*Asks:* 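Below is a structure I'd like to ask you about.
Each residue takes its place number in the sequence, starting with 1. It should be emphasised that the depicted structure is a prediction, and the values quoted were computed from it without experimental measurement. Note that ligands are numbered from 1 as they come in the structure, with each ligand's atoms numbered from 1 the same way.
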Amino acid sequence: MPGQNKSLEDLFHEGLKDVYYAERKILTALPKMAKAVNSNDLRAAFEKHVKETEGQVQRLQKVFKMIGHQPKGKTCPAILGLVEEGEEVMEDFEDSPALDAGLLGGAQAVEHYEIARYGTLIAWAEQLEMPEAAQLLQQNLDEEKMTDKSLTKLAEAVINECGMRQAAE
Ligand code: FE
Ligand code: FE
Ligand code: FE
């Protein structure tokens, strides 16, 4: 049967490759989103998270090392889809007052994907008795959660601004 020799270790390795691919995809997509938005606060939040993402990639490289594998990504269709949706918003809402709200929502979808993946990977690392790996992944998870929270805080201002711009048109 396919997969009968595969273990939780293999699943953990696969999950790591998935999120590694996703983080590096985000490193190319997020700066474009930062450039596109009108709100300086939102741009600053995106730029801050680009820096954090660079650190997250390095932590993942350490986790690969802990399990004796080269850091290597595996195509994550979920992140490709989310990035594609963001690109659609950038095209379709380019000159719209709603652009920022759309990109903020897209960014939060990405954070939620990451939060889901890291939560699972941490549980598996703990099960596999790899507390140091779990701790590194927890640091990434904490940053994703903080980012999600600060985006939620910004959302109200961004949506208000959108309403005001629309009223002024
Ligand atoms: Fe991340
Ligand atoms: Fe994925
Ligand atoms: Fe993130």
Side-chain angles (χ1 to χ4, degrees), residues 2-3 6-37 39-67 69-90 100-128 130 132-155 158:
K6 293 211 170 146
S7 61
L8 187 62
E9 276 96 337
D10 298 316
L11 201 53
F12 181 75
H13 184 209
E14 288 305 308
L16 210 56
K17 290 197 280 186
D18 177 84
V19 81
Y20 189 64
Y21 179 95
E23 293 291 9
R24 288 189 309 164
K25 188 75 199 171
I26 292 161
L27 273 184
T28 67
L30 201 50
K32 289 182 205 160
M33 286 165 69
K35 246 184 219 162
V37 292
S39 157
N40 290 331
D41 289 344
L42 187 55
R43 183 175 312 109
F46 285 172
E47 283 170 352
K48 179 181 178 212
H49 200 47
V50 172
K51 287 268 163 278
E52 287 174 336
T53 302
E54 286 167 359
Q56 293 176 354
V57 166
Q58 288 177 358
R59 288 191 199 109
L60 291 177
Q61 289 168 347
K62 285 186 193 162
V63 179
F64 274 108
K65 214 174 169 191
M66 286 173 181
I67 59 167
H69 285 280
Q70 290 294 335
K72 203 167 167 274
K74 177 176 178 260
T75 305
C76 166
I79 200 71
L80 290 179
L82 291 172
V83 167
E84 193 185 321
E85 286 185 7
E87 281 165 359
E88 263 176 38
V89 168
M90 281 192 263
D100 284 16
L103 288 181
L104 191 150
Q108 280 195 294
V110 170
E111 294 317 307
H112 290 189
Y113 178 69
E114 295 179 294
I115 288 167
R117 287 309 190 202
Y118 281 123
T120 299
L121 283 170
I122 290 163
W124 291 346
E126 283 166 354
Q127 179 64 36
L128 294 166
M130 296 190 295
E132 285 165 30
Q135 205 212 330
L136 287 165
L137 295 166
Q138 184 67 51
Q139 288 174 33
N140 283 10
L141 176 59
D142 290 343
E143 285 177 351
E144 312 302 12
K145 283 186 176 169
M146 283 303 297
T147 302
D148 181 47
K149 264 193 198 156
S150 40
L151 289 175
T152 297
K153 268 193 200 157
L154 276 176
V158 163

*Asks:* Can you list, by chain and residue number, the protein N, O or S atoms under 2.8 Å from the Fe ion (ligand 2)?
*Replies:* D18 OD1, D18 OD2, C76 SG, Y113 OH
*Asks:* Check the pair E144 / H112 against side-chain hydrogen bond (donor to acceptor under 3.5 Å, both in side chains), numbers first and verdict last.
*Replies:* CA-CA 8 Å; E144 312 302 12; H112 290 189; over 6 Å; no
*Asks:* Salt bridge check: are E114 and R117 linked by an N-O gap of less than 4.0 Å?
*Replies:*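 Looking at R117 together with E114, the answer is no, because their closest N to O distance does not fall below 4.0 Å.
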*Asks:* Who pairs with E47 by salt bridge (Lys or Arg N to Asp or Glu O under 4.0 Å), at least two apart in sequence or on another chain?
*Replies:*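 With neighbours one apart ignored, the set is empty.
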*Asks:* For the Fe ion (ligand 1), which N, O or S atom of E144 is at the shortest distance?
*Replies:*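 The nearest such atom is OE2.
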*Asks:* Measure the CG-CG distance between L121 and N140 for me, rounded to the nearest 0.5 Å.
*Replies:* 10.0 Å
*Asks:* About how large, to 10 degrees, is the angle OE1 of Q56, then the Fe ion (ligand 1), then OE1 of E23?
*Replies:* 90°
*Asks:* So, of the N/O/S atoms that E114 has, which is the nearest one to the Fe ion (ligand 1)?
*Replies:*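 Restricting E114 to its N, O and S atoms, the minimum distance to the Fe ion (ligand 1) goes to OE2.
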*Asks:* Give the name of the N/O/S atom in E111 that lies closest to the Fe ion (ligand 3).
*Replies:*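 It is OE1 of E111.
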*Asks:* Are more than 12 heavy atoms, taken from residues, nucleotides or ligands other than E132, located less than 6.0 Å from that residue's CD atom?
*Replies:*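 Counting neighbours around CD of E132, 12 or fewer heavy atoms of other residues, nucleotides or ligands fall under 6.0 Å, so no.
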*Asks:* Apply side-chain contact (heavy atoms from CB on, under 4.5 Å) to the pair E9 and I67, showing each step before the final yes or no.
*Replies:* CA-CA 9 Å; E9 276 96 337; I67 59 167; over 6 Å; no
*Asks:* Does any non-hydrogen side-chain atom of L8 lie less than 4.5 Å from one of L11?
*Replies:*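 Side-chain contact under 4.5 Å: yes.
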*Asks:* Do other residues, nucleotides or ligands put more than 12 heavy atoms under 6.0 Å from the CD atom of Q127?
*Replies:*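 No, CD of Q127 has 12 or fewer neighbouring heavy atoms, counting only those of other groups under 6.0 Å.
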